[in-house]
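For reference, the structure is listed below as structure tokens.
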Amino acid sequence: MGQLALSRLMKESKVKSIDYLKLLANQFPTQEKTCVEIANLNSILTLPKGTEFFLSDLHGENEGFIHLLRSASGVIRSKLKFIFKDVMSDEEILEFANIIYYPEEKLDAIDLRKKETHDFQRTTIIRLISVVKDIASKYSKSKVRKSIQQEYVYLLDELLYKDTDRDNVKKEFYYEEIVNSIVEIGLGKRFMIAMCKLIQKLAVDTLHIVGDMFDRGPRHDLILDELINFHNIDVEWGNHDIEWMGAALGNETLILNALRIAVRYNCYDMLEDGYGISLRALNDFAARTYENDNCEIFIPKILDENKYDVVRPSLSAKIHKALAIMQFKVEGALIKKHPEYGMSNRIMLERINYDDFTVDVDGKKYKMKDTNFPTIDKNDPLKLSEEENSLLKSLKMSFMHSRKLKEHIKFLFDKGSLYKIHNGNLLYHGIIPFDENMEYDTFKGFDGKQNLSGKSLLDYFETIIRGAYNDVNLHKFDSDNVDAMYYMWCGSKSPLFGKDTIKTFEIYFVEDKEVQVENKNPYYKFYQDENIAIKILKSFGLDETGHIINGHVPVKVLKGESPIKANGRLFIIDGGMSKSYQKSTGIAGYTLISDSIHLTIATHKPFEKGKLNTPETKEVENIAKNGRLRVRDTDRGKEIMAKIEDLKELLNAYRNGLIKEE
């Protein structure tokens with residue numbers, strides 16, 4: 001082809017760069033391979049949309065959450081009941097379900113070397129194959145193969161697709177012999193475990209965690225370990241996630257805050273066994289400093305027992321108080337350093353009259369419940385004692401050098417964001433700040449020069465959060481961005497906090513319940529209004545058929561509240577997975593499930609291992625108005641269609657001689 005013809009072809013082509021096509025040609029070096037890939041991608045577009053699971057506010061409840069993840073919030077058990085309704089009792093289905101959820105544990109309890117277990121193994125393998133076949137029906141063979149341990153791909157192919165073999169009857173002995181051989185040669189246990197893990201993986205195509213994995217529950221570290229290994233996941237940061245992210249980046253106020261909450265909820269195993277944060281010096285300091293103080297208002301909430309690091313409640317109360325006092329000192333100093341936060345009224349230690357032990361809250365004096373403050377200099381209340389200062393440096397080193405915590409925080413930055421737009425839905429943990437006039441509340445930015453609201457406000461704060469991570473990676477530790485992580489935690493305009501102020505001090509030290517009230521942002525007055533939900537969706541570039549998926553505030557079912565707001569445009573999926581909320585909510589959280597036909601709410605039961613924990617489900621919307629949603633209807637489908645267009649351009653370039661085949 002002549003140069004003029006080449007030039008004309010490039011002008012007529014939609015391709016922006018011949019260099020891009022040449023890179024694509026490295027992957028598909030012939031017309032034949034390009035055509036095969038186009039055909040493959042077009043076929044993928046016709047598959048049913050994968051099932052998405054949305055959960056929020058896990059709050060360290062590792063056992064309950066991991067059970068939900070492995071059981072696909074009850075979806076797997078529902079499939080078992082459908083597949084085996086005529087051959088298995090409810091009790092047998094429950095036992096089989098628990099094998100799928102906890103295969104190592106359940107199969108370890110059986111001596112599979114004994115000949116009398118062989119029938120059990122054969123039956124279980126055949127049943128597992130039936131379950132895989134059902135769950136894998138919406139995926140390509142390629143995806144199923146990639147989802148299993150590579151050692152078992154051949155065996156899976158033979159057993160999974162035998163029903164499509166026209167010579168199936170003639171080859172029945174062949175299929176039986178595969179199963180018999182797996183059992184006879186001692187491969188049964190490993191093969192069954194591989195099948196169970198494949199079922200777990202295929203049951204949840206995409207997992208969305210809409211904030212707050214941290215705090216309150218016993219082992220949020222184990223939750224993060226599980227999520228890091230999940231195949232397709234995104235995270236929308238919550239305020240408790242930001243608290244730990246800021247602590248890991250060296251924000252001293254958040255370090256003390258995270259430790260205080262952990263001690264308050266008796267989470268010593270998470271701190272010491274999970275993250276290797278040594279508390280020995282802190283324990284010694286608290287025991288000596290508050291030796292004759294019963295620290296009554298600091299008695300921990302023991303919702304779970306520690307296995308590795310058992311601390312007496314009396315000592316835990318002293319540690320709790322020591323951390324609280326240190327936090328209020330460091331917090332006050334940080335607020336003074338940053339007047340732009342507008343939080344000067346929260347420097348509470350300077351509002352105490354140390355002669356009569358009253359405290360000024362918003363111009364009114366209140367008697368304090370605790371008057372023993374041996375580490376506070378009334379002439380300089382925010383000054384850390386020499387021992388407190390040394391202790392804080394040690395704790396900061398522990399946080400910033402914890403290998404496991406670094407791994408978890410990197411995961412949160414890699415997979416996380418303040419909000420996410422996915423398949424026409426908007427996901428965020430907290431709020432979009434509103435004012436009393438049903439308009440977006442505005443924020444001038446920390447420099448006082450901007451006018452931010454709605455989406456631009458969230459984008460601004462995300463820039464600051466990511467800036468904090470980048471600053472620390474560049475060893476810029478005295479960082480305004482790192483400091484601002486505290487504002488993300490509890491600032492009045494923070495979309496993660498959603499209240500006018502944080503009343504931690506008053507909750508500890510003032511008896512009057514009214515002074516402890518944290519007023520919610522007007523968002524919570526208006527989010528029942530469908531027009532407000534549609535306004536939010538449109539401001540993020542979505543149409544009114546989308547949904548807002550939200551967490552942060554537990555839905556109190558006992559008071560008649562519903563997770564479905566704004567005529568089905570908004571879902572609050574915090575239903576109290578944390579044990580500390582379950583008395584007021586009456587449930588243990590929600591999963592929102594979006595498959596190729598329905599949106600479904602699964603209402604969790606308080607978790608009891610080995611018992612029937614299947615959530616109650618309720619279909620709330622048919623999202624496939626014109627038939628089952630396909631991959632082509634999703635964000636992934638748009639990416640695939642864009643790739644198909646690129647491949648067609650490559651094919652055109654091959655056929656016109658613009659690029660030579662290998």
Side-chain angles (χ1 to χ4, degrees), residues 49 52-57 206 208-211 234-238 416-443 451-462 493-496 498 520-553 555 561-574 590-601 619-626 629 632-639:
K49 167 189 170 295
E52 301 175 63
F53 284 68
F54 304 81
L55 293 109
S56 80
D57 298 86
T206 305
H208 308 280
I209 303 296
V210 192
D234 56 74
V235 175
E236 290 68 56
W237 303 318
S417 55
L418 268 181
Y419 67 90
K420 185 176 181 67
I421 296 169
H422 186 79
N423 288 343
N425 298 317
L426 174 62
L427 288 60
Y428 55 83
H429 175 75
I431 68 166
I432 307 297
F434 274 79
D435 63 22
E436 293 288 351
N437 298 315
M438 296 181 72
E439 300 293 339
Y440 287 138
D441 201 0
T442 57
F443 181 62
N451 195 27
L452 304 157
S453 64
K455 183 177 182 296
S456 68
L457 177 66
L458 270 64
D459 290 336
Y460 171 78
F461 281 138
E462 176 145 354
K493 299 295 179 77
S494 168
L496 294 167
K520 293 180 181 178
N521 185 272
Y523 173 85
Y524 291 105
K525 292 182 183 178
F526 307 138
Y527 72 163
Q528 289 275 20
D529 188 325
E530 185 176 7
N531 292 323
I532 291 293
I534 291 172
K535 174 180 178 176
I536 294 172
L537 286 166
K538 287 185 174 180
S539 70
F540 282 81
L542 299 171
D543 65 42
E544 60 188 47
T545 63
H547 306 86
I548 297 169
I549 301 163
N550 200 180
H552 193 44
V553 175
V555 177
E561 293 182 7
S562 167
I564 306 168
K565 314 288 185 184
N567 196 26
R569 298 273 62 80
L570 187 149
F571 294 90
I572 299 285
I573 57 171
D574 178 4
Y590 295 107
T591 305
L592 181 65
I593 304 169
S594 173
D595 60 24
S596 58
I597 300 176
H598 297 109
L599 273 181
T600 302
I601 284 275
E619 292 178 0
V620 294
E621 185 180 337
N622 184 320
I623 56 176
K625 303 294 191 299
N626 300 311
L629 291 178
R632 69 168 61 253
D633 302 310
T634 68
D635 291 348
R636 179 170 172 250
K638 293 174 185 175
E639 293 171 1

Task: Nearest-0.5 Å distance, CZ of residue F540 to NZ of residue K420 - done: 13.5 Å
Task: Inter-residue atom distance F53.CZ - I209.CD1, 0.5 Å rounding - done: 11.5 Å
Task: Residues K520, V553; criterion side-chain contact (heavy atoms from CB on, under 4.5 Å); working and verdict - done: CA-CA 10 Å; K520 293 180 181 178; V553 175; 3.7 Å; yes
- [ ] Grab the two heavy atoms, one from S562 and one from K565, that are nearest each other, plus how far apart they are.
- [x] O-NZ, 2.9 Å
Task: Heavy-atom donor-acceptor pair, D435 side chain to D441 backbone, under 3.5 Å - done: no
Task: Any side-chain heavy-atom pair of Y527 and I572 under 4.5 Å - done: yes
Open item on the list: Nearest 0.5 angstrom please: L427 CG to I549 CD1, how far?
Closed with: 4.5 Å
TODO: Show your reasoning for whether side-chain contact (heavy atoms from CB on, under 4.5 Å) applies to L542 and I421.
DONE: CA-CA 8 Å; L542 299 171; I421 296 169; 3.5 Å; yes
Task: E462 side chain vs L418 backbone, donor-acceptor pair below 3.5 Å - done: yes
Task: Side chain D57, main chain H552, donor-acceptor under 3.5 Å - done: yes
- [ ] Indicate yes or no: at least one non-hydrogen side-chain atom of P433 is less than 4.5 angstrom from one of P495.
- [x] yes
Task: Verdict with supporting geometry, F434 and I532, side-chain contact (heavy atoms from CB on, under 4.5 Å) - done: CA-CA 10 Å; F434 274 79; I532 291 293; 3.8 Å; yes
TODO: Could you check if a side-chain atom of K455 sits within less than 4.5 angstrom of a side-chain atom of L458, using non-hydrogen atoms only?
DONE: no
TODO: Heavy atoms only: give me the nearest S494-F461 pair and the separation to one decimal.
DONE: CA-CE1, 4.2 Å
Task: Nearest heavy-atom neighbours spanning L496 and W237 - done: CD2-O, 3.1 Å
- [ ] Would you indicate whether the side-chain heavy atoms of L452 and K493 approach each other to under 4.5 Å?
- [x] no
Open item on the list: Main chain of T545, side chain of R569: is a donor-acceptor contact present, judged purely on distance under 3.5 Å?
Closed with: yes
Task: Residue that, paired with E52, satisfies side-chain hydrogen bond (donor to acceptor under 3.5 Å, both in side chains) out of T206, N423, T634 - done: N423
Task: Value rounded to 0.5 Å, distance of OG1 in T600 from CD1 in I593 - done: 6.0 Å
TODO: Quick one: closest heavy-atom pair of H429 and E236, and the distance?
DONE: CB-O, 4.3 Å
Task: Considering all heavy atoms, the nearest Y524-G498 contact - done: CE1-O, 4.0 Å
Open item on the list: Working note: E530 + E544, criterion side-chain contact (heavy atoms from CB on, under 4.5 Å); need CA distance, chi angles, decisive distance, verdict.
Closed with: CA-CA 9 Å; E530 185 176 7; E544 60 188 47; over 6 Å; no
Task: Test item: D529 side-chain N/O and N531 main-chain N/O as donor-acceptor pair under 3.5 Å - done: yes
Open item on the list: Main chain of H208, side chain of D234: is a donor-acceptor contact present, judged purely on distance under 3.5 Å?
Closed with: no
Task: Inter-residue atom distance E439.CD - S453.OG, 0.5 Å rounding - done: 9.5 Å
Task: Heavy-atom side-chain proximity of S56 to D574 below 4.5 angstrom - done: yes
Task: Close side-chain approach of D543 and L537, heavy atoms under 4.5 Å - done: no
Task: Heavy-atom side-chain proximity of N550 to Y428 below 4.5 angstrom - done: yes
Open item on the list: Quick check for you: to the nearest 0.5 Å, what is the distance between Q528 atom CD and N567 atom CG?
Closed with: 10.5 Å
Task: Closest non-hydrogen atom pair between K535 and M438, with its separation - done: NZ-O, 3.5 Å
- [ ] Look at the side chain of N425 and the backbone N and O of H547, then say whether any donor-acceptor pair between them is shorter than 3.5 Å.
- [x] yes
- [ ] Would you mind reporting whether L599 and F571 have side-chain heavy atoms less than 4.5 Å apart?
- [x] yes
